[in-house]
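Numbering of residues begins at 1 and proceeds along the displayed sequence.
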Amino acid sequence: MSTVFKQQKSKRDKAEGIVAKSTEDTPVFRNKQRVLLLSSRGITSRHRHLLTDLGDLLPHTKKDAKLDSKSKLHIINELAELNNCNNCIFFEVRKRQDLYMWLSKTPNGPSVKFHIQNVHTMEELKMTGNCLKGSRHILSFDKNFESSPHWLLMKELFTQVFGIPKTARRIKPFVDHVLSFSIVDNRVWFRNYQITEKPLEHRSVTDTTDLTLVEIGPRFVMNPIRVFDGSFGGQTAFENPEFVSPNVARSNIRNAKAGRYKSRMDAIAKKDEKLKEAEMPEDPLSETNVFA
C-alpha cells in the first residue's frame, strides 16, 4: 500500500507542477556502525560479566561464539564480514587472569590493543544509577585527547565503536546516560553515568540546571599497549613505552619476595656463626672432666 501511495503522490505532484529536490546533489550521511562482540577461550566469570555489560550498553552489537585461536586473529575480520559488522571488540584472556581488549575497524584497520585493569561490573558495584536498556548515550571525552595524535586516533575509534547509530534496530528513542572517557596517568578511565534530575532538597538558587549525574557501572581502566595501522596486526603506529607486562610485574614481585627470604636466611646464618664464635673453650678442671 505504501508503494501505491507514493506512486499516486508523485503523479499528483507532477500534475500540480511540484518538483521534488534531487537527493543526488545533497547526499544524506547515515551512520551504519555495527560492532562484533566476542572473546577468546579461558575467559573468567568477571570478564564474561563485563562483556555482557558492554553488550547491554551497546544495542548495535552482535555477539559471536568464543574464538579458539589466539595467534590467528585475522580470522576475526572474516567473522565480522560474515556478521555484516565494520567494528570489533575482542576480549583476549591470557593465563586466565590477564585481560586484553582489542578495538578494531575491520577489515582494513586501524586497531588498538589495551590492557584492562580494575574491572568492576554492574552487579558488583550495585550503584544507585539506572538507565533504560537499549537507550542511546552521550559520549564525553577528556580534553587531553586533543594533546597528541595517538589519543586523537583512539578518540575517533571510541566514537565509531561506542557511538550508537540512530537507525539501529534495537535502540530506544531516549538519551538518558553518558559514557565518559578520561585520561589519567596515560590510561583511559571508562565510566557510565545516568542523567537524572536533582532532588528538590539538594537544589540551590545558583544552580543553572536541574540535572545531575549518578554512576551506573561498569567501570574499568584501559592501558594502551600498541596502535596498529591494520586490523589485528600490521605496522606499529604507536607503542606505549611505559607499559609493563603483567608477567614482568609478577616476576618482579616474586623476585622481591625471594630477596626478602634470602636476606632473612643470611641473617640467621650470621647469627649462628656469631654464637659459635662466642662459645668458650672447654675447661680441663671442670667437674665433667675431673670426676668423669
Between the side chain of Asn192 and the main-chain N/O of Gly217, is any donor-acceptor distance below 3.5 Å? yes

Counting N and O atoms only, with roles assigned by atom type, does the side chain of Lys62 sit under 3.5 Å from a partner on the main chain of Asn83, one being a donor and the other an acceptor? yes

Side chains of Asn86 and Lys105: do they bring a donor and an acceptor to under 3.5 Å? no

For Ser180 and Ser140, test the side chains for any donor-to-acceptor distance below 3.5 angstrom and give the result as yes or no. no

Can Ile116 be reached from Leu67 by stepping across I, L, V, M, F, W or Y side chains whose heavy atoms are under 4.5 Å apart? no

Side chains of residues 237-249: which donor-acceptor pairs under 3.5 Å do they make with residues two or more places apart or in other chains?
unit_1 : atom_1 : unit_2 : atom_2 : d
Glu239 : OE2    : Arg226 : NH2    : 3.3
Asn240 : OD1    : Glu242 : N      : 3.2
Asn240 : ND2    : Asn223 : OD1    : 3.4
Asn240 : ND2    : Pro224 : O      : 2.9
Glu242 : OE1    : Asn186 : ND2    : 2.9
Glu242 : OE2    : Asn186 : ND2    : 3.3
Ser245 : OG     : Asn247 : N      : 3.4
Asn247 : OD1    : Lys95  : NZ     : 3.0
Asn247 : OD1    : Arg250 : NH2    : 2.7

Looking just at side-chain N and O atoms, do Glu146 and Trp151 make a donor-acceptor pair shorter than 3.5 Å? no

Verify the ring-centre separation between His74 and Phe232: is it less than 6.0 angstrom? no

Between Thr44 and Arg96, is there a donor-acceptor pair closer than 3.5 Å when you use the side chain of the first and the backbone of the second? no

ILVMFWY network linking Leu213 to Phe174, side-chain heavy atoms under 4.5 angstrom: no

Can you tell me how the ring of His137 sits relative to the ring of His177, calling it parallel under 30°, perpendicular over 60° and tilted otherwise? perpendicular

Decide yes or no for Val188 and Phe190: does some side-chain heavy atom of the first lie under 4.5 Å from some side-chain heavy atom of the second? no

Ring-ring centroid check Phe162 Phe181, cutoff 6.0 Å: yes

Please tell me whether Asn77 and Thr106 have a donor and an acceptor in their side chains that are separated by less than 3.5 angstrom. no

Pairwise salt bridge (Lys or Arg N to Asp or Glu O under 4.0 Å) hits with a residue in residues 107-127, at least two apart: Arg46-Glu124

Given the options His49, His47, Arg219, Thr121 meets side-chain contact (heavy atoms from CB on, under 4.5 Å) only with His49

According to a hydrophobic-cluster definition based on side-chain heavy atoms being under 4.5 Å apart (Ile, Leu, Val, Met, Phe, Trp, Tyr only), do Tyr193 and Leu125 belong together? no

Under 3.5 Å, side chain of Ser40 to main-chain N/O of Val93, donor-acceptor pair present? yes

Does the pair Asp68/Arg41 count as a salt bridge with the N-to-O cut at 4.0 Å? yes

